[in-house]
Number of protein chains: 2
Amino acid sequence: MSRSEPTVRDVAERAGVSSATVSRVMNDAPNVDKQLARRVREAVKATGYVPNAAGRSLRARSSSQIAVLIPDADNPYFSQVVSEVEPAARSAGYSVMLCHTGNEPDQEQTYLDQIVARRMAGVIAIPSDESWSGLTPLTEANIPVVLVDRRLPDVEVDRIATDNMDAGRQAAVHLRDKGFRRPACITGPETLTTTEDRLLGFSHAWSTSAGGAPALYRGDLHFDSGFTAMTEILDDGDIDCVFVTNNRMSAGAFQAIRGLPNPPALLATDDDIWTRLVTPSVSVIQQPIRDTGRLAAQMLIDRIAAPNEMPRTTLLSSKVIERESTAGGPPSRG
Amino acid sequence: MSRSEPTVRDVAERAGVSSATVSRVMNDAPNVDKQLARRVREAVKATGYVPNAAGRSLRARSSSQIAVLIPDADNPYFSQVVSEVEPAARSAGYSVMLCHTGNEPDQEQTYLDQIVARRMAGVIAIPSDESWSGLTPLTEANIPVVLVDRRLPDVEVDRIATDNMDAGRQAAVHLRDKGFRRPACITGPETLTTTEDRLLGFSHAWSTSAGGAPALYRGDLHFDSGFTAMTEILDDGDIDCVFVTNNRMSAGAFQAIRGLPNPPALLATDDDIWTRLVTPSVSVIQQPIRDTGRLAAQMLIDRIAAPNEMPRTTLLSSKVIERESTAGGPPSRG
DNA sequence: CCCCCGGAAGTAAACGATTTCTCCCACCAG
DNA sequence: CTGGTGGGAGAAATCGTTTACTTCCGGGGG
């Protein structure tokens, strides 16, 4: 029923050559007779030979897989990054192992062990927080790492991210230009550099250009905390515009003002599909997610080729997309 | 600088035992002296030994990875399936390789080669259409496959999917019970079993219970074609309710009626975030996506353990979630 | 004419973990 | 006292590929 898979020796025998020659043909080595090469290729076809990746990887002491470590595959930001990394990696001859840590340390540890055990060619990681300890085992095993989106203190490693400070600045400029005067910011925990940088950029730009500081509401990045924060803002009164620094809290915040007659202006983060469908449509800071994924893969591939060069950081800029939720200016003069 | 990784022999030497014993300890084999086992474990810690997956996989003639083949990681349906498969697989000791075919045959072929080359333990596949040829190389290599969501003709293989005919029937019942009388259906190409089954269930239930056939509009599953179809429906007039059979066309269809005073009722597919945020909120057929992913993984793991049993098909039922877009009944009698 | 060089192909030794086979020993029953 | 039994551990073969080393050519220069 199930014969065992053909090996390089079976092919060699059928082509009347040695296994070394077969290997040379498979790897396009120079100095192989055209005639023989053709015979080998025919034998490969005839036997249906597919090189065993384990054997190859054992001999080569590395594999042609890269790992992508993400906290949560459901979040469209992460899944878009993944779907851009994948084709870029494949066209360079790598395949992608998806590691979905769910923000849980033991799950992450399992994957880190796997990555080392498989001698993966490299890792693209979105760490869960700034105390991320996963980097050490990887660097010790000489596995190149590219960080996406989040910054770690005291480490020298390749990184690609949105210029979050600048994104916050753009948000402030947009809201001020539209005539709003009493801003609030719904943001994440202080330990998360992504949202914290956006807050810092926003606050700094606001205080230097308009004066004063935005009211501050912190959530846990999820939908519900965005809803709760916006509800508090409505209760507190006196706020005429709200900047939300991540995608899910943006949706939650919108839910809280849905259908209200005179809601505060809303500037959300990430251009998800819902922002165009709701009424009023929602202005957003659009991050260059697709570029991020593509360039992360490129960066990793470059790093694998040149392990000893200096680490780089690439920052990509975002832009404001204006829609109805900030178009109107403040509701009234008072 | 970079010493080479410790091997089983290094550990053996340090613990004063043979490599065989180390292997036995690592794999929890019975009949190992407690004392020795402890010494081995200490040596493992001290050396930082991590078993080389390639060596193990070569000897075992199989790997502990499963592959998930999806057409498009961006689609929330697929990414949710993946994010459920992953933890279920991991807790059974498998890791997940993500294969993102982008509906392109050559990309898919690359991955199929990889899957065979790596002797993967199994594959969860969402084929792009009913002429999917990827199954053959896998079954020839004795790699178990579980199909998700889509049906293939003439193959006997494990499958898990939503009961799409029943979903269509539920849609018809809901719209008829709400008092609508002139339905349209926006659906996908005839070759896609998923959307076709929903259409069939819808049409059949409608004709037997209310009489007549729904007006038919076909799209290519993407946002724009949903928008176009709904625009045509509005032009054609005479339609009082619309059932859309996939998630992205649902969003496009909503876009076309956004803000209109008396739009036809809309019943969408998949409970995406936007359906609750828009005005009017949108009634949906909710598929059990999370169960689908979890059970697909379970099914594959069972199959790996028992390769020779008969293939099974599991159908999961969906349910209608009623919101504002179908709540009102038909706009007027005249 | 001889030597050396270089291209082409084969031989065999790695890579690292597992596992069969074998050996040793202690213990127990006859 | 002896033969059998079974647990515990080591030696060595094995998985399939790649590659350093060898071998065998033929040809060109001294």
Side-chain angles (χ1 to χ4, degrees), chain A residues 2-41 43-44 47-64 113-114 116-120 141-142, chain B residues 2-41 43-44 47-64 93 113-114 116-121 141-142:
Chain A
S2 69
R3 288 157 300 148
S4 65
E5 297 281 322
T7 75
V8 71
R9 270 167 238 287
D10 300 326
V11 176
E13 193 174 356
R14 194 171 223 278
V17 299
S18 75
S19 61
T21 301
V22 175
S23 173
R24 286 190 262 260
V25 172
M26 295 297 291
N27 296 291
D28 301 315
N31 303 340
V32 188
D33 186 80
K34 304 272 180 199
Q35 192 74 2
L36 268 196
R38 214 165 48 77
R39 248 164 61 206
V40 168
R41 272 186 252 277
V44 168
T47 53
Y49 168 68
V50 179
N52 180 316
R56 177 185 294 221
S57 167
L58 178 60
R59 178 66 220 230
R61 321 185 64 141
S62 79
S63 87
S64 59
D113 288 347
Q114 284 283 324
V116 175
R118 291 185 196 280
R119 270 64 173 172
M120 301 265 236
N142 278 313
Chain B
S2 69
R3 286 157 302 150
S4 65
E5 296 280 323
T7 75
V8 71
R9 272 167 236 287
D10 300 325
V11 177
E13 193 174 356
R14 194 170 222 280
V17 299
S18 76
S19 62
T21 301
V22 175
S23 173
R24 284 191 263 261
V25 172
M26 295 298 290
N27 296 291
D28 300 314
N31 304 340
V32 189
D33 185 81
K34 303 273 178 196
Q35 193 73 4
L36 268 196
R38 213 165 47 78
R39 248 165 60 206
V40 169
R41 270 187 253 277
V44 167
T47 53
Y49 169 67
V50 179
N52 181 315
R56 177 186 296 222
S57 169
L58 178 59
R59 179 66 224 235
R61 322 185 68 148
S62 79
S63 86
S64 59
D113 288 346
Q114 284 283 323
V116 175
R118 291 184 197 280
R119 271 64 173 171
M120 299 265 231
N142 278 312

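Chain identifiers are assigned alphabetically (A, B, ...) following the order of the sequence lines, protein sequences preceding nucleic acid strands; residue numbering begins at 1 within each chain. Since the structure is predicted, the reported quantities are computational estimates derived from the model, not experimental observations. Below, all heavy atoms of this structure are taken into account, side chains as well, without hydrogens, waters or symmetry copies.
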Which whole-number value in Å describes the distance from [X] [atom1] to [N] [atom2]?
{"X": "B:E13", "N": "D:dG10", "atom1": "CD", "atom2": "P", "value": "13 Å"}
{"X": "B:D10", "N": "C:dC15", "atom1": "CG", "atom2": "P", "value": "11 Å"}
{"X": "B:L58", "N": "D:dT18", "atom1": "CG", "atom2": "P", "value": "12 Å"}
{"X": "B:D33", "N": "C:dC25", "atom1": "CG", "atom2": "P", "value": "16 Å"}
{"X": "A:K34", "N": "C:dA8", "atom1": "NZ", "atom2": "P", "value": "10 Å"}
{"X": "A:N52", "N": "C:dC15", "atom1": "CG", "atom2": "P", "value": "18 Å"}
{"X": "A:R38", "N": "C:dA9", "atom1": "CZ", "atom2": "P", "value": "14 Å"}
{"X": "A:R56", "N": "C:dA14", "atom1": "CZ", "atom2": "C1'", "value": "17 Å"}

Residue-phosphate contact under 4.0 Å: [X] side-chain N/O, [N] OP1/OP2:
{"X": "A:S18", "N": "C:dA9", "value": "no"}
{"X": "B:R59", "N": "D:dT14", "value": "no"}
{"X": "A:Y49", "N": "D:dG16", "value": "no"}
{"X": "B:N27", "N": "C:dT18", "value": "yes"}
{"X": "A:N31", "N": "C:dG7", "value": "no"}

Between B:T21 and B:G55, which has a closest nucleotide on DNA chain D that is more 5'?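 Upstream on the strand: B:T21.
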Does any non-hydrogen side-chain atom of A:Y49 lie less than 4.5 Å from one of A:D10?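 Not touching, per the 4.5 Å side-chain cut-off.
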Measure distances between side-chain N and O atoms of A:R61 and base N and O atoms of D:dT18, and say whether any donor-acceptor pair falls under 3.5 Å.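 Flag unset: no donor-acceptor pair detected.
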Donor/acceptor link under 3.5 angstrom from A:R24 side chain onto base of C:dG10: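 Donor-acceptor pair under 3.5 Å: yes.
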Is the closest side-chain donor-acceptor distance between A:R56 and A:S62 under 3.5 Å?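 Short answer, no.
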What nucleotide among C:dT18, C:dA9, D:dT18 has an atom nearest to a side-chain atom of A:L36?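 Given the options C:dT18, C:dA9, D:dT18, the side chain of A:L36 is closest to C:dA9.
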Which nucleotide sits closest to the side chain of B:S19: C:dT18, C:dG10, D:dT17?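 So the nucleotide nearest the side chain must be C:dT18.
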For B:V32, which contact category applies under a 4.0 Å heavy-atom criterion: base, sugar-phosphate, or nothing?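 Sugar-phosphate, no base atom in range.
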Describe the nucleic acid contact of B:S23 in one word from base, sugar-phosphate, nothing, applying a heavy-atom distance below 4.0 Å.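 Touches a base.
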Taking for each residue the nucleotide of DNA chain C with the nearest heavy atom, is it A:R9 or A:G16 whose nucleotide lies nearer the 5' end?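 Whichever sits nearer the 5' end wins; that is A:G16.
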Closest approach of A:V40 and A:V11, non-hydrogen atoms and distance?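 Nearest heavy atoms, A:V40 then A:V11: O-CG1, 4.2 Å.
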Looking only at heavy atoms, what is the nearest atom pair of A:R39 and A:G16, with distance?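 Result for this residue pair: NH2-O, 3.7 Å.
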May I ask you to decide whether A:R119 forms a salt bridge with B:E5, counting only side-chain N to carboxylate O separations under 4.0 Å?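 Looking at B:E5 together with A:R119, the answer is yes, because their closest N to O distance falls below 4.0 Å.
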Quick one: pull up CD in B:E13 and OG1 in B:T7 and give me the separation to the nearest 0.5 Å.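 Result: 9.0 Å between the selected atoms.
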